[in-house]
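Reminder, nothing fancy here: chain letters follow the sequence lines and each chain counts from 1.
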Amino acid sequence: MATAIRAFAPAGPSVIGAAGAPAGPLLRLAGVTKRFGATLALDALSLDVAPGEFLALLGGSGSGKSTLLRIIAGFEAADAGRLLLQGRDIAPLPPHARPVSMVFQSYALFPHLSVFDNVAYGLRRDGVAKPEIAQRVAEALAMVGLTGFEGRRPAQLSGGQRQRVALVRSLVKRPPLLLLDEPLGALDASLRERTGFELRALQRATGAGFVMVTHDQAEALALADRVAVLERGRLAQIGPPRALYDRPATRYVAEFLGAANILEGRLGPDGAVDCAAGCRLRLAVPPGRGPGEAISVALRPERIRLVAGAPPAENGIAARLKDLAYRGDGWMAVVALPDGTEWRVALPSEAAPPAPGEALSLAWAPEALAPLAD
Amino acid sequence: MRRALILLPPFLWLLLLVAAPVAILAGIALSEPAPGVPPFLPPVSLEAGWQGSFANLLTLAEDWYYAAAFLRSLVVAFLSAAICLLLAYPMALGIASAREGWRVPLLALVLLPFWTGFLPRLGAWIGLLRDGGWVNGVLMGLGLTEAPVPLLYSDAALYLGMVHAYLPFAVLPLTATLLRRDLSVEEAAADLGATPWVVFRTVTLPLSLPGAAAAFLLVFIPAAGEFVIPELLGPPEALLVGRALWGEFFQNRDWPLAAALAVALLALLILPIRLFQRLEDDGGSRRAASPPSRSSGQSLDMVP
């Protein structure tokens, strides 16, 4: 394993990770703007990636996440903004001269070349000596368990094997920054989790910075050190997965990450929120706004619990069960509040599930409430 | 039953317009010439039974005159196809790389000469190339030459006419191949450090070879039997299959020998035709084997 990992260790003294490494971000995007005709794909986006960091760019279609990746790789030119890799402006460089490497969503393996030649392709372009190529390709393939597949064509591999060939084809060049476009998107569900762990292990082993584009919030939360949520070309929020999940800053982030319930309300004079559905909310940290102002609060389905008897006066509400879906690890209940609003409530599997139509008392802790900026 | 009904019309079409004429042609090729109308004895008759012969096919094999005609036809077809391929590749790559709005107009420009009549086009070439034609007029007007340069009725004029006539056959399949190509594979090559020229040499070109071979064969196959262009533009002494066939049929009225020539040409072209079909089939299976695009909207959250 140790020798195999060496195959991907970033080369040269210019690279991050070791002691005495240059300070500052690995990648800095400052005010990156991209227009396609009348649509603004990226709107003055600024973002730093730290050395050795695993960053996920999360967003729906049209959020600009793939455009951003293609701008970093050099396949699209930004209309404005700066693109610094290890302090060096890479915006004027064509893709082949940029020291970043990309794993394509379709893998984009060379169909006419063997697995060995696919992985060796980048090393040959760099003029690496033949014996070293053979050694590094062998180590790289060993790392992802593909020893013995050197002579196969991509068409003779399974989807998971192709994905791993695409990964090591990029990593074998020891790029300081690896870009991944929906790396798990084409794999079936059983393979995704395992491949996700492998990806994480590879990232730690190589010390390279990873920037992964995904539309799957579970994937982003599970793999990344930090998640950047993009909304229509802008950074909606960036932070560690826990912070994003527990403290979504905006309605878009709250709804995109795990489909939170959104409560609309108005701040009362005592700092509590009177919500439109007919409950009183007491937040752990009072929002910095004056009484009478409208406010939206996110509440995760799994932070709501059922209580016996009447719901508490604060942070609780009566509801009626509308529908129930079994999810293996529990139930997802759809409940109707007195005013007709529907919430999603996650119930643990050990409890006997309520029957549809049954009256329920819901309660939650003050920490579960996340005030939203919009 | 319904299957049979659907297959019947194309089957009948092929039977009446392909199989039957070839069978008749083969029959004539196996018959003896005879004075009369038509000028041959049928190879099989009710009274005499089998009265055909393989003499015509033997003549083709033994007489160097015909072998030379075949050889020369194949050389002309090969060179015409090769020149077409060399010209068509950059054209097709340009069309395939052009912005979407430009592709159809560019393709139309390639096809435009094709929509004008075939003979008027050859007439135009004759007008340009003959001794008193435009080209010689310009050359002499500029003082580059005193007497007209013999351009018409040369190999150069022959290939000019062939390439002009058959170029669209090469451009169209190549454009289709290059339009179908997966651009992300070329981006991956660039991403791994390949300059644009290296991307072309190591990825675009090798991946388009089946399409290039198909384009070559689409020119080669009809060019091998071409009669009109060599007759009108080529050197008069050049003996090609088409001209040999025409001579036997119209001048010597030796239908059996002409038919034997036609059958031999057909047999000769079966190999490249099969090759072409193989390439088409491979292209299909290669496309089918490419990884599926991702299914969208997958999420771990699956509540209704």
Query - Heavy-atom neighbours of A/Phe197 CZ exceed 12 at 6.0 Å - result: no

Report task. Tell me, for A/Leu109 versus chain B, whether the close heavy atoms (under 4.5 Å) come from the side chain, the backbone, both or neither. Result -> backbone

Query raised in the report: Is the count of non-hydrogen atoms from other residues, nucleotides or ligands lying under 6.0 Å from B/Phe200 atom CZ greater than 12?
Result: yes

**Report entry** A/Phe75 to B/Glu187 - nearest heavy-atom pair and separation
**Finding:** CZ-O, 3.3 Å

Report task. Please indicate whether A/Gln161 has more than 12 foreign heavy atoms, meaning atoms of other residues, nucleotides or ligands, lying under 6.0 Å from its CD. Result -> yes

Report task. Inspect the surroundings of CZ in B/Phe11 and state if more than 12 heavy atoms from other residues, nucleotides or ligands are less than 6.0 Å away. Result -> no

**Report entry** Side chain / backbone / both / neither for A/Arg70 at chain B, heavy atoms under 4.5 Å
**Finding:** side chain

Requested in this report: Check each of A/Pro95, A/Pro175, A/Ser101 against B/Leu192 using the side-chain contact (heavy atoms from CB on, under 4.5 Å) test, and report the only one that passes.
Outcome: A/Ser101

Query raised in the report: At what distance, to the nearest 0.5 angstrom, does CG of A/Leu179 lie from CG of B/Asp191?
Result: 7.0 Å

Requested in this report: Answer with yes or no whether the side chains of A/Tyr107 and B/Ser184 bring together a donor and an acceptor at under 3.5 Å.
Outcome: no

Report task. Kindly say whether B/Thr202 contributes a backbone atom to a donor-acceptor pair with the side chain of A/His112 at under 3.5 angstrom? Result -> yes

Query - Criterion side chain to side chain contact (heavy atoms under 4.5 Å, CB included) on B/Val203 and A/Tyr121, from CA distance to verdict - result: CA-CA 11 Å; B/Val203 178; A/Tyr121 190 90; 3.8 Å; yes

Requested in this report: Could you tell me which non-hydrogen atom of B/Gly193 sits nearest to which non-hydrogen atom of A/Arg125, and how far apart they are?
Outcome: O-CB, 3.7 Å

